[in-house]
Amino acid sequence: LASAIALAPMAAMAADLTIGFSQIGSESGWRAAETTVTRQEAERRGIDLKFADAQQKQENQIKAIRSFIAQGVDAILIAPVVATGWDEVLEEAKDAEIPVVLLDRTVDADESLYLTAVTSDLVHEGEVAGQWLVDEMNGEECRIVELQGTTGSSPAIDRKTGFEQGIEGHDNLEIVRSQTGDFTRAQGKVVMESFLKAEGGENICALYAHNDDMAVGAIQAIKEAGLKPGEDIRIVAIDAVPDAHKAIADGEMNATIELTPNMAGPALDALEAYLADGTEPEKWIQTESRLFTADDDNMAIFNEKKDLGY
Ligand code: GYE
């Protein structure tokens, strides 16, 4: 008690924050790492983090957010599973004067309904993937299959758009099949199997997957079909999780674009400043996207990243 009284008022204030976090679920390795890092960031700052796992369902997220509002939390973090359908619950948080920060995915809602969004440039990531394939093929014909993320999620929509922009004007490149694999390894494998069956493995030149987990599942399907992933079928995806670096090091995958699992760091910085003295953050806090290929020391990066919450 004596040491608690001795705390400076500012530190005591930060230590008193209670923040609700409505997480999507644990569909991918990246998502699990984001959860770990968010818990670490909250603990480091003495924030009481109330964590709710929505098991991929928007209705569960809405319930969790309503319960955070009822508990009178100081702020709410939301990783929104899909882009639409948030207006009502965000209005409720606004009426209760509880600031909301979006993590890693965006929403189709008026931006006055949230304080800021911490995300990567999801369209740009798709463009970088497309551009990589343009350079790699250098004019050669290439029939592409695409594994999309969760239907209706902003990364699935934006990464598709971005990739199409990246390959636009290159008539040698054609997307012949595109289907959702829901951002999971299991679905990535199942859907890749159906692509291989429908097209014939030798007629597929490249796979673009909206995340690494689906690519890793697809690698398994490609091997089981007797083909060499990374050679017979080139593979580019997004997240740069440790397993993708390993697959690139093993020559079974060609490129990935990094998405930091630390969205909570910038989000909590913005919230702490806002709650302390009303400092308004930028509406979009953009995280970096960097391309990794076989030119990088992927084994070293794999080992480093193992300590990052993955
Ligand atoms: O790339 C994927 C995840 O929302 C941008 O969600 C994020 C994506 C990430 O499950 O692996």
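Numbers here are sequence positions counted from 1. When a ligand or atom number is given, it counts from 1 through the structure's own listing order.
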Q: Determine, using heavy atoms of Met214 and all atoms of ligand 1, whether some pair is separated by less than 4.0 Å.
A: no
Q.
Holding to ring-ring contact (aromatic ring centres under 6.0 Å, His included), I want the full list of residues that pass it with Tyr310, two or more places apart in sequence or in another chain.
A. none
Q. Hey, which atoms in ligand 1 end up nearer than 4.0 Å to a heavy atom of Ser28?
A. 2 (C), 3 (C), 10 (O), 11 (O)
(Q) Against ligand 1, does Asp213 come closer than 4.0 Å with any heavy atom? (A) no
Q | NZ/NE/NH1/NH2 to OD/OE distance under 4.0 Å, Asp87 and Lys94 | A | no
Q: Output the list of atoms in ligand 1 that are nearer than 4.0 Å to some heavy atom of Pro155, sorted by atom number.
A: 4 (O)
Q | Heavy atom of the protein closest to atom 5 (C) of ligand 1 (residue, atom name, distance) | A | Arg159 NH2, 3.4 Å
Q: Say whether Asp239 and ligand 1 are in contact under the criterion: heavy-atom distance to a ligand atom below 4.0 Å.
A: yes
Q: Say whether Arg105, considering both its backbone and side-chain N or O atoms, lies within less than 3.5 Å of an N or O atom on ligand 1.
A: yes
Q: Just jot down the ligand 1 atoms closer than 4.0 angstrom to any heavy atom of Leu259, in number order.
A: 1 (O), 5 (C), 9 (C)
Q | Which atom of Val134 lies closest to which atom of Gly166, heavy atoms considered | A | CG2-O, 3.5 Å
Q.
Among Val101, Leu271, Val100, exactly one meets side chain to side chain contact (heavy atoms under 4.5 Å, CB included) together with Thr116. Which residue is that?
A. Val101
(Q) Tell me which pairs pass disulfide (SG to SG under 2.5 Å) where either residue lies in residues 152-204, with sequence neighbours left out. (A) none
**Q.** 4.5 Å side-chain heavy-atom contact, Arg31 and Glu34
**A.** yes
Q: Look at Arg290 together with Glu258 and state whether they make a salt bridge at an N to O cut-off of under 4.0 Å.
A: no
**Q.** Phe292 and His245 aromatic ring geometry - parallel, tilted or perpendicular at 30°/60° bounds
**A.** perpendicular
Q: Return yes or no for this condition: an N or O of Trp30 is under 3.5 Å from an N or O of ligand 1.
A: no
**Q.** Closest approach of any protein heavy atom to atom 10 (O) of ligand 1, naming residue and atom
**A.** Glu27 OE2, 2.5 Å
Q. Tell me: protein heavy atom nearest atom 7 (C) of ligand 1, and distance?
A. Asp104 OD1, 3.3 Å
